[in-house]
Amino acid sequence: MPDGGGELRLKQRGSEFSIMLGTIELMNSRLSGSEEALAKLSHERIQKHARPHMLIGGLGMGFTLRAALGVLPADATVTVGELVPAVVSWARGPMAEVFAGCLDDARVVVKEGDVGRLIQASVGAYDAILLDVDNGPEGLTRRANDDLYSIAGLRAARKALRPNGVLSVWSSAPDAGFTRRLREAGFAVEELSVRASTKGRGARHVIWMATKKR
């Protein structure tokens, strides 16, 4: 990883892919349900916005991006912030079939770098900010991710959103402290439980929907 936070590895077995950090599996191509829900639930809350602009933090295996493109209108813009250049290379190389050409969609802009910096540099720029850059609001893969989930980071996200915009955060597990911080940062908060599998079985993950009211 660019900041020395460890090494990501892409593993393949047949048509199945896995991204690993050490012995921890961060994502698997067989499980995309909660990542797709992140995009669809976010879109539901901004579907009346004209020319929506969505920022996705973390390219991963493209499940959130593909789901977003499936529901967003033709005049939407989707900016993807990905810290690790190798992840973008994997998307265009060995995992090209998984991505199914979504990086070539005219609505998509990929920016290699820290999504936190994109947020900090923006005021009223996005209708939705989707964060799936870690296993949750604990900064597992890199300590700098903690800044995204701090009060200061959440207030920066709120500032970067347009009125009635939504900050959506994926997590592998609940975190009551994070729910409190979202409210302290001025958001109206929903904490939703979703299945990891698109078949509605298996582990449950958590998605926070934090709305910036006018």
Side-chain angles (χ1 to χ4, degrees), residues 33-60 63-81 107-109 111 114-139 144-195 204-214:
S34 57
E35 288 85 355
E36 292 175 11
L38 181 67
K40 293 174 181 177
L41 290 167
S42 300
H43 173 257
E44 286 176 5
R45 286 153 179 79
I46 64 165
Q47 58 185 321
K48 294 183 180 179
H49 292 210
R51 300 178 62 85
H53 190 175
M54 180 179 285
L55 172 63
I56 298 178
L59 178 59
F63 297 128
T64 300
L65 174 59
R66 285 174 57 187
L69 293 174
V71 293
L72 286 167
D75 62 357
T77 300
V78 183
T79 299
V80 181
R107 294 171 289 177
V108 177
V109 178
K111 295 190 176 182
D114 188 347
V115 69
R117 293 186 178 180
L118 292 177
I119 293 171
Q120 292 282 348
S122 303
V123 177
Y126 305 108
D127 296 278
I129 298 173
L130 285 59
L131 297 180
D132 185 8
V133 297
D134 223 312
N135 263 22
E138 296 180 353
N145 283 346
D146 287 337
D147 294 341
L148 285 171
Y149 310 120
S150 68
I151 286 289
L154 295 175
R155 286 175 176 160
R158 189 176 185 278
K159 186 176 180 181
L161 287 168
R162 294 170 180 165
N164 296 314
V166 63
L167 170 66
S168 310
V169 182
W170 182 97
S171 177
S172 61
D175 187 325
F178 183 60
T179 303
R180 288 194 296 271
R181 290 201 300 279
L182 284 167
R183 291 191 175 118
E184 288 175 21
F187 288 102
V189 184
E190 302 170 81
E191 184 177 334
L192 308 174
S193 176
V194 296
R195 291 286 190 183
R204 286 188 175 275
H205 294 154
V206 175
I207 294 175
W208 286 274
M209 291 282 146
T211 303
K212 174 184 178 178
K213 298 299 184 182
R214 290 185 182 273

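One is the number of the first residue; the rest follow in order along the sequence.
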Q: Mind checking ring pair (Phe, Tyr, Trp, His ring centres under 6.0 Å) for Tyr126 and listing every partner two or more places apart, or none if nothing turns up?
A: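 Scan of Tyr126 (ring pair (Phe, Tyr, Trp, His ring centres under 6.0 Å), adjacent residues dropped) gives His53.
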Q: Can you tell if the side chain of Glu184 reaches within under 4.5 Å of the side chain of Ile151, non-hydrogen atoms only?
A: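 Yes, side chains in contact.
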Q: With sequence neighbours left out, what residues match His205 under ring pair (Phe, Tyr, Trp, His ring centres under 6.0 Å)?
A: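 Only Trp170 meet the ring pair (Phe, Tyr, Trp, His ring centres under 6.0 Å) criterion with His205.
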Q: Give every donor-acceptor pair under 3.5 Å between a side-chain atom in residues 152-161 and any protein atom, sequence neighbours left out.
A:
unit_1: Arg158; atom_1: NE; unit_2: Gly186; atom_2: O; d: 3.2

Q: Under a 4.5 Å cut-off applied to non-hydrogen side-chain atoms, are Val109 and Val78 in contact?
A: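 In short, these two side chains do not touch, never coming nearer than 4.5 Å.
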Q: Is any side-chain heavy atom of Pro137 less than 4.5 Å from a side-chain heavy atom of Trp208?
A: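 In short, these two side chains touch, coming nearer than 4.5 Å.
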Q: Looking only at heavy atoms, what is the nearest atom pair of Val133 and Gly58, with distance?
A: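 For Val133 and Gly58, the tightest heavy-atom pair comes out as CG1-N, 3.8 Å.
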Q: To the nearest 0.5 Å, tell me how far Leu167 CG sits from Ser42 OG.
A: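 Going from the CG atom of Leu167 to the OG atom of Ser42 covers 9.0 Å.
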Q: After noting the C-alpha distance and the side-chain angles of Glu35 and Thr64, does the key distance pass the side chain to side chain donor-acceptor pair (under 3.5 Å) rule?
A: CA-CA 5 Å; Glu35 288 85 355; Thr64 300; over 6 Å; no
Q: Please, which pairs that meet salt bridge (charged side-chain N to carboxylate O under 4.0 Å, His left out) have at least one residue in residues 160-170, sequence neighbours excluded?
A: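 Output for this query lists Asp127-Arg162.
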Q: Is there a side-chain contact between Val169 and Ile207, using heavy atoms and a 4.5 Å cut-off?
A: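 Side-chain contact under 4.5 Å: no.
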Q: Identify, with sequence neighbours excluded, every residue that meets salt bridge (Lys or Arg N to Asp or Glu O under 4.0 Å) alongside Asp132.
A: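 For Asp132, no residue satisfies salt bridge (Lys or Arg N to Asp or Glu O under 4.0 Å) once neighbours in sequence are set aside.
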Q: Can you name the salt bridge (Lys or Arg N to Asp or Glu O under 4.0 Å) partners of Arg45, sequence neighbours left out?
A: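 Testing Arg45 for salt bridge (Lys or Arg N to Asp or Glu O under 4.0 Å), a comparison that skips the adjacent residues, returns Glu190.
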Q: What's the separation between atom CG in Asn164 and atom NZ in Lys213, rounded to the nearest 0.5 Å?
A: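 Asn164 atom CG to Lys213 atom NZ measures 6.0 Å (nearest 0.5 Å).
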Q: To the nearest 0.5 Å, what is the distance between CG (Leu131) and OG (Ser168)?
A: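 Between Leu131 CG and Ser168 OG, I get 8.5 Å after rounding to 0.5 Å.
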Q: For a quick test of reading the model, state the closest non-hydrogen atom pair linking Leu130 to Ala39 and the distance between them.
A: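 Answer, listing the atom of Leu130 first, then Ala39: CD2-CA, 3.8 Å.
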Q: Kindly indicate whether the side chain of Ser150, heavy atoms from C-beta on, has any atom under 4.5 Å from the side chain of Arg181.
A: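 Ser150 does not reach Arg181 side chain to side chain.
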Q: Do Met54 and Thr79 come close enough that some side-chain heavy atom pair is under 4.5 Å?
A: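 Not touching, per the 4.5 Å side-chain cut-off.
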Q: Does the side chain of His43 reach to within under 4.5 Å of the side chain of Leu72, using non-hydrogen atoms?
A: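 Yes - at least one pair of side-chain heavy atoms lies under 4.5 Å apart.
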Q: Can you check whether Val166 reaches Lys212 side chain to side chain, under 4.5 Å on heavy atoms?
A: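 They are not in side-chain contact.
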